[in-house]
Student: 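Below is a structure I'd like to ask you about.
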2 protein chains.
Amino acid sequence: MRRPAKTPPAGRRPAMPRPPAAARAPAAKPYHHGDLRRVLIDAAMQLVGEGGPEAVSVREAARRAGVSPGAPFRHFPSRDALMNVVAEEAQRRFRAEIEAALADAPPGDPLGRFRCLGIAYLRWAMKNPTHFEIISSRRFFDHDRSAAVSSDNAELIGLTERLLAEAFSAGQLGMRDLKQVQIAGRALVYGFARMHLDGHLPRWGVGEAEAERMAADILDLFIAGIASRAAPSAKV
Amino acid sequence: MRRPAKTPPAGRRPAMPRPPAAARAPAAKPYHHGDLRRVLIDAAMQLVGEGGPEAVSVREAARRAGVSPGAPFRHFPSRDALMNVVAEEAQRRFRAEIEAALADAPPGDPLGRFRCLGIAYLRWAMKNPTHFEIISSRRFFDHDRSAAVSSDNAELIGLTERLLAEAFSAGQLGMRDLKQVQIAGRALVYGFARMHLDGHLPRWGVGEAEAERMAADILDLFIAGIASRAAPSAKV
DNA sequence: AATCTGTGTAATCGGTGCTTACATTCACGA
DNA sequence: TCGTGAATGTAAGCACCGATTACACAGATT
């Protein structure tokens with residue numbers, strides 16, 4: 001374990017009495033930070049964006065907020081708690097963007113809406129790779145410890161399942177097993193997002209520019225594959 | 001940045017002269033460790049298996065080898081270098097297992113061999129999730145800095161591409177775009193592996209017991225979807 | 001036997017999360 | 001108006017980590 005996590009040390013020593021800071025410029029810096037909690041979250045979000053989840057440190061967030069290293073612990077009991085809030089923020093943005101994209105999609109045609117969802121999903125994941133990573137992996141924070149993340153995530157997954165179930169009911173999926181289609185669709189989209197995140201796409205000859213087009217292509221391929229009897233031609 | 005990585009500090013102080021350890025049990029513990037390098041690698045592999053890539057620390061590996069914290073640096077210039085070797089070991093095992101499985105598969109029938117490869121891939125990934133993570137993500141070590149990992153990985157990817165290309169040449173893929181099929185296949189398998197790794201499968205109602213069966217099912221679904229005109233029924 | 005080379009130890013630095021004791025400020029009530 | 005207590009900041013310190021340096025020791029070579 002690199003991070004001590006739960007080490008209850010004993011033995012503190014009383015600090016030296018500090019001379020009162022009598023003489024101070026009155027408007028220089030107020031003792032109380034306006035909204036330190038919010039500033040810390042923003043700093044942490046920025047750190048995630050710059051260097052990934054690993055780059056988030058309480059001290060660095062405090063440094064950027066112009067505050068002492070111990071101050072953040074008044075607002076977050078631990079680094080993990082800070083990460084939880086960051087994850088909630090990311091998950092909230094993710095869901096909002098997908099639902100916005102879906103609101104623009106025409107109703108009816110469940111497979112078309114599924115495609116639209118997949119595109120929005122991948123677009124956000126590729127535009128915010130490090131934030132996507134936090135809410136994807138259980139490594140950086142535990143989904144179960146945040147009701148907000150869990151419910152937002154369940155909502156998105158439920159949306160996907162519902163669309164494919166509607167397509168199934170409408171007879172668009174032929175005789176295929178619905179659950180298998182749902183999981184395969186999920187795996188395909190999630191896999192492409194992770195391939196981008198993990199830097200695999202260049203190996204496959206897909207540059208940053210072509211990534212979004214390729215995402216649309218494989219979604220179309222998938223839809224054509226599961227659709228009951230679509231024209232087999234691809235290469236749209 | 002949590003891990004300082006490249007901080008060249010200045011100013012060392014000469015250590016106090018140490019009294020020679022004259023009296024010591026001769027056979028208790030030899031000064032030189034038999035093969036510290038190998039033992040450190042094994043310890044690191046074990047740490048990865050226990051707590052994931054993050055749990056690997058030079059000090060802990062040294063501790064398990066019964067050696068001082070500085071000793072490992074005689075064999076590995078940095079923690080990353082140790083991780084590189086661990087990744088090479090994992091990648092080697094991964095490739096060996098897949099090639100062994102493929103050797104048992106009947107020649108001819110490229111799609112059948114692709115299925116076999118996918119099964120072996122997922123089986124290993126699900127049996128060794130933490131080791132799989134090291135060689136999947138660029139987060140824990142840089143693939144480009146290890147020729148061994150790069151070539152092993154390229155070999156596996158090339159194998160996959162070749163099998164699908166053979167299927168394409170044999171007319172088994174209809175008019176579909178080969179490259180799209182290759183990337184979609186990759187994304188599907190990789191996505192399922194990562195879903196398992198990231199703990200998403202329980203959310204989809206797939207327990208540890210059903211995971212392998214489900215892996216086979218979605219591979220079959222994919223193959224049925226891309227095959228030129230297979231019977232549309234799934235549920236094998 | 002002397003020496004060289006490889007390998008392990010001890011001590012130290014700067015970074016991290018986390019805790020405690022103390023200081024300061026603000027809001028509320030008598 | 002003036003206390004007073006809660007909220008929130010600072011200072012100091014611990015244990016852990018990776019990494020470096022000076023030094024001690026062992027085995028092989030000459």
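Side chains are part of it too, since the values below use all heavy atoms of this structure and drop only hydrogens, waters and symmetry mates. Just so it is clear: chains get the letters A, B, ... in the order the sequence lines come, proteins before strands, and each one is counted from 1.
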Student: Base, sugar-phosphate, or nothing: which does A:Arg37 touch, judged by heavy atoms less than 4.0 Å apart?
Tutor: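 Touches nothing.
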
Student: In whole angstroms, how far is the C1' atom of D:dG18 from the CZ atom of B:Phe140?
Tutor: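 Distance, rounded to whole Å: 17 Å.
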
Student: Which heavy-atom pair separates A:Cys116 from A:Ala105 by the least distance, and what is that distance?
Tutor: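 Looking at all heavy atoms of both residues, the closest pair is SG-CB, 3.7 Å.
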
Student: If every non-hydrogen atom of A:His131 is compared with every non-hydrogen atom of A:Met45, which pair is closest and at what distance?
Tutor: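 Residues A:His131 and A:Met45, closest heavy atoms: NE2-O, 3.2 Å.
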
Student: Select one nucleotide: of C:dC18, D:dG18, D:dG9, the one nearest the side-chain heavy atoms of A:Ala71.
Tutor: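 Out of C:dC18, D:dG18, D:dG9, the nucleotide with an atom closest to A:Ala71's side chain is D:dG9.
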
Student: Filter on ring-ring contact (aromatic ring centres under 6.0 Å, His included), then keep only pairs touching residues 188-210 of chain B, sequence neighbours left out; what's left?
Tutor: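 Passing the test, one end in residues 188-210 of chain B: A:Tyr190-B:His200, A:His200-B:Tyr190.
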
Student: May I ask you to verify whether the side chain of A:Arg59 and the base of C:dG15 hold a donor-acceptor pair under 3.5 Å?
Tutor: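 Flag unset: no donor-acceptor pair detected.
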
Student: What is the distance, rounded to the nearest whole Å, between atom CG of A:Leu40 and atom C1' of C:dG17?
Tutor: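 Answer to the nearest Å: 15 Å.
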
Student: Starting at atom CD of B:Glu54, determine the distance to atom P of D:dC17, rounded to an integer number of angstrom.
Tutor: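 Going from CD in B:Glu54 over to P in D:dC17 covers 14 Å.
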
Student: Taking atom CG of B:Leu164 and atom CD of B:Gln180, what is their separation to the nearest 0.5 Å?
Tutor: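 One gets 13.0 Å once the value is rounded to the nearest 0.5 Å.
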
Student: Pairs in or reaching into residues 42-63 of chain B: which pass ring-ring contact (aromatic ring centres under 6.0 Å, His included), with residues at least two apart or in two chains?
Tutor: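 Output for this query is empty, none listed.
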
Student: Please evaluate the base of C:dG6 for a donor-acceptor partner in the side chain of B:Arg74 within a cut-off of under 3.5 Å?
Tutor: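 In this structure, the two groups form no donor-acceptor pair.
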
Student: Starting at CE of A:Met83 and ending at C1' of C:dC18, how long is that distance when rounded to a whole Å?
Tutor: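 For the pair A:Met83 CE and C:dC18 C1', the rounded distance is 17 Å.
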
Student: Of all the nucleotides listed (D:dT20, C:dC18, D:dT10), which has the minimum atom distance to the side chain of A:Phe73?
Tutor: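 The answer is C:dC18.
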
Student: Can you tell me how far P of D:dC17 sits from CG of B:Leu82, to the nearest Å?
Tutor: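 About 14 Å, once rounded to whole Å.
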
Student: B:Phe76 has an atom CZ; how far is it from atom P of C:dG8, in whole Å?
Tutor: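 Distance check: B:Phe76 CZ to C:dG8 P gives 11 Å.
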
Student: For C:dG8 and B:His75 - does any side-chain N or O of the residue sit under 4.0 Å from the phosphate oxygens OP1/OP2?
Tutor: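 Affirmative; the distance criterion is met.
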
Student: Is any side-chain nitrogen or oxygen of B:Arg63 closer than 4.0 Å to OP1 or OP2 of D:dC17?
Tutor: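 True: B:Arg63 side-chain N/O within range (under 4.0 Å) of D:dC17 OP1/OP2.
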
Student: Calculate the interatomic distance between A:Glu60 atom CD and C:dG17 atom P; express it in whole Å.
Tutor: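 Whole-Å distance recorded here is 10 Å.
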
Student: Closest to the B:Arg79 side chain: C:dG8, C:dC18, D:dG18?
Tutor: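 From the listed options, D:dG18 comes nearest.
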
